[in-house]
Amino acid sequence: MDGESIATFQFLGLTFNTTNIISGTVAAVIVFLVVFIMSRNLKLRPTGKQNALEWMMDFTNGILRGSMDAKKSTGFGLYAFTLFLFLFVSNEIGLFLQIGWNHVTYLRSPTADPIVTLTFSLITMMLAHYSGVSQLGFKGYFKNTYLTPFKVWLPISIFTEFIDFLTLGLRIYGVIFAGEMLLKIIGGMAFSGGILNMVVAILLALIWQAFSVFLGVIQAFVFVTLTSVYISDKIEVEE
């Protein structure tokens with residue numbers, strides 16, 4: 001990988017992250033194409049790619065049902081499914097394809113940037129709060145979220161919300177960013193001298209990529225699981 005910094009551009013006095021735009025668009029296109037191809041020619045008796053698609057949907061629906069009532073979980077099924085697929089693809093892109101030129105990175109894992117992961121964290125938290133107000137009304141939502149089990153819990157509850165927002169986004173960022181940095185170090189070692197270094201670096205890169213694929217899946221799973229928990233906390237009334 002040649003890039004060491006991100007690409008940006010100016011528009012109307014604002015700075016936009018070109019790297020994130022390109023990487024996020026690539027991830028979104030991949031997700032769209034995968035779902036589009038797998039959902040063609042649907043049958044009553046699923047086979048092959050339709051089986052795989054339905055298994056993924058059942059998987060994310062199962063995550064939701066593990067945290068909330070089955071009837072309530074149906075309203076969040078599409079969000080959980082899309083979120084899991086996008087995060088999974090985003091986590092894996094940088095493991096297999098990183099593009100840079102003149103020490104500027106143009107393509108990497110979108111989730112290797114905290115702005116991206118914290119944005120998804122913010123979306124999740126906003127959806128959870130909106131769902132709580134929709135389900136319980138503002139008064140019931142406020143009492144259930146901030147005044148339970150005791151009214152004096154209010155400052156702690158507000159602080160907890162902020163901590164949840166940070167940890168949800170920064171956890172996945174830390175894992176993916178560290179994985180890409182290690183691959184970059186291994187890549188540098190491959191060209192630092194001798195054929196032996198190259199052979200060792202290739203072996204290490206293959207091992208780390210295989211392990212990072214597993215980490216990418218786990219991080220997408222954890223993010224969706226916590227998303228389900230946060231939404232459940234806002235819409236389920238504590239006794």
Side-chain angles (χ1 to χ4, degrees), residues 6 8 13-17 20 24 27 59-88 90-91 109-181 215-239:
I6 60 174
T8 61
L14 300 175
T15 301
F16 292 85
N17 190 317
N20 283 348
F59 176 72
T60 53
N61 287 337
I63 295 175
L64 293 174
R65 288 193 294 268
S67 302
M68 64 183 76
D69 181 83
K71 292 183 179 179
K72 294 180 179 179
S73 68
T74 56
F76 305 101
L78 181 60
Y79 177 67
F81 173 72
T82 306
L83 182 64
F84 179 84
L85 278 186
F86 184 84
L87 290 177
F88 169 70
S90 296
N91 291 347
S109 292
T111 44
D113 190 316
I115 298 299
V116 174
T117 57
L118 287 173
T119 298
F120 277 104
S121 179
L122 180 61
I123 292 172
T124 288
M125 302 305 287
M126 291 177 65
L127 177 61
H129 288 292
Y130 172 80
S131 301
V133 175
S134 298
Q135 290 279 341
L136 308 175
F138 183 79
K139 184 177 180 180
Y141 147 81
F142 190 83
K143 179 181 179 181
N144 184 61
T145 302
Y146 298 108
L147 303 180
T148 303
F150 310 107
K151 293 183 178 180
V152 294
W153 232 249
L154 179 61
I156 298 176
S157 297
I158 294 175
F159 181 72
T160 300
E161 293 290 333
F162 179 69
I163 295 300
D164 288 343
F165 161 71
L166 288 179
T167 55
L168 182 62
L170 294 180
R171 179 187 294 105
I172 188 171
Y173 154 71
V175 172
I176 304 305
F177 178 78
E180 289 196 359
M181 286 299 99
L215 289 179
V217 175
I218 292 298
Q219 288 304 311
F221 169 75
V222 170
F223 197 101
V224 174
T225 299
L226 292 178
T227 292
S228 176
V229 171
Y230 293 152
I231 294 175
S232 176
D233 285 342
K234 299 300 180 291
I235 65 176
E236 300 285 350
V237 178
E238 295 188 22
E239 301 294 338

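Small disclaimer: the values here were computed from a predicted structure and weren't measured. Every heavy atom of this structure was used, including side-chain atoms; hydrogens, water molecules and symmetry mates were not.
- Sorted pairs that involve residues 166-175 and meet salt bridge (charged side-chain N to carboxylate O under 4.0 Å, His left out), not counting sequence neighbours, are lacking altogether.
- Scanning for side-chain hydrogen bond (donor to acceptor under 3.5 Å, both in side chains) contacts around Ser90 gives an empty result, with sequence neighbours left out.
- Between the NZ atom of Lys143 and the CZ atom of Phe138 there is a distance of 14.5 Å, given to the nearest 0.5 Å.
- Scanning for side-chain hydrogen bond (donor to acceptor under 3.5 Å, both in side chains) contacts around Asn20 gives Asp113, with sequence neighbours left out.
- Not counting sequence neighbours, Asp164 has no partner by the salt bridge (Lys or Arg N to Asp or Glu O under 4.0 Å) test.
- Residues in residues 72-81 take part in these side chain to side chain donor-acceptor pair (under 3.5 Å) pairs, two or more places apart or across chains: Tyr79-Thr124.
- Put simply, CG on Asp69 and CG on Leu64 are 11.5 Å apart, with the number rounded to the nearest 0.5 Å.
- Side-chain contact between Asp233 and Thr145: absent, with no pair of heavy atoms (C-beta onward) separated by less than 4.5 Å.
- Taken to the nearest 0.5 Å, the CD1 atom of Ile218 stands 11.0 Å off from the CG atom of Asn91.
- Each salt bridge (charged side-chain N to carboxylate O under 4.0 Å, His left out) pair with one or both residues in residues 153-162, not counting sequence neighbours, appears once here: Glu161-Lys234.
- Between the side chain of Ser232 and the backbone N or O of Ser67, at least one donor-acceptor pair lies under 3.5 Å.
- For Ser157, the side-chain contact (heavy atoms from CB on, under 4.5 Å) partners are Tyr146, Trp153, not counting sequence neighbours.
- Looking at residues two or more places apart in sequence or on another chain, you find a side-chain hydrogen bond (donor to acceptor under 3.5 Å, both in side chains) between Tyr141 and His129.
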Residue pair Leu136, Ile235: steps toward the side chain to side chain contact (heavy atoms under 4.5 Å, CB included) verdict: CA-CA 7 Å; Leu136 308 175; Ile235 65 176; 5.7 Å; no

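- Phe142 places a side-chain heavy atom less than 4.5 Å from the side chain of Leu154.
- For residues 216-236, the set of pairs meeting the ring pair (Phe, Tyr, Trp, His ring centres under 6.0 Å) definition, not counting sequence neighbours, comprises Phe59-Phe221.
- For the atom pair Leu83 CG and Leu78 CG, the distance stands at 11.0 Å (nearest 0.5 Å).
- Rounded to the nearest 0.5 angstrom, Thr60 OG1 and Leu85 CG are separated by 7.5 Å.
- Residues passing the ring pair (Phe, Tyr, Trp, His ring centres under 6.0 Å) test with Phe177 are Tyr173, sequence neighbours excluded.
- Between the CG atom in Leu215 and the CD1 atom in Ile176 there is a gap of 7.0 Å [rounded to 0.5 Å].
- Counting heavy atoms from C-beta on, the side chains of Ile172 and Val222 never come closer than 4.5 Å.
- Under the side-chain hydrogen bond (donor to acceptor under 3.5 Å, both in side chains) criterion, Ser109 pairs with Glu180, sequence neighbours left out.
- Residues meeting the side-chain contact (heavy atoms from CB on, under 4.5 Å) test with Ser121, sequence neighbours left out: Met125, Phe165, Leu168.
- No donor-acceptor pair closer than 3.5 Å links the side chain of Ser228 to the backbone N or O of Val224.
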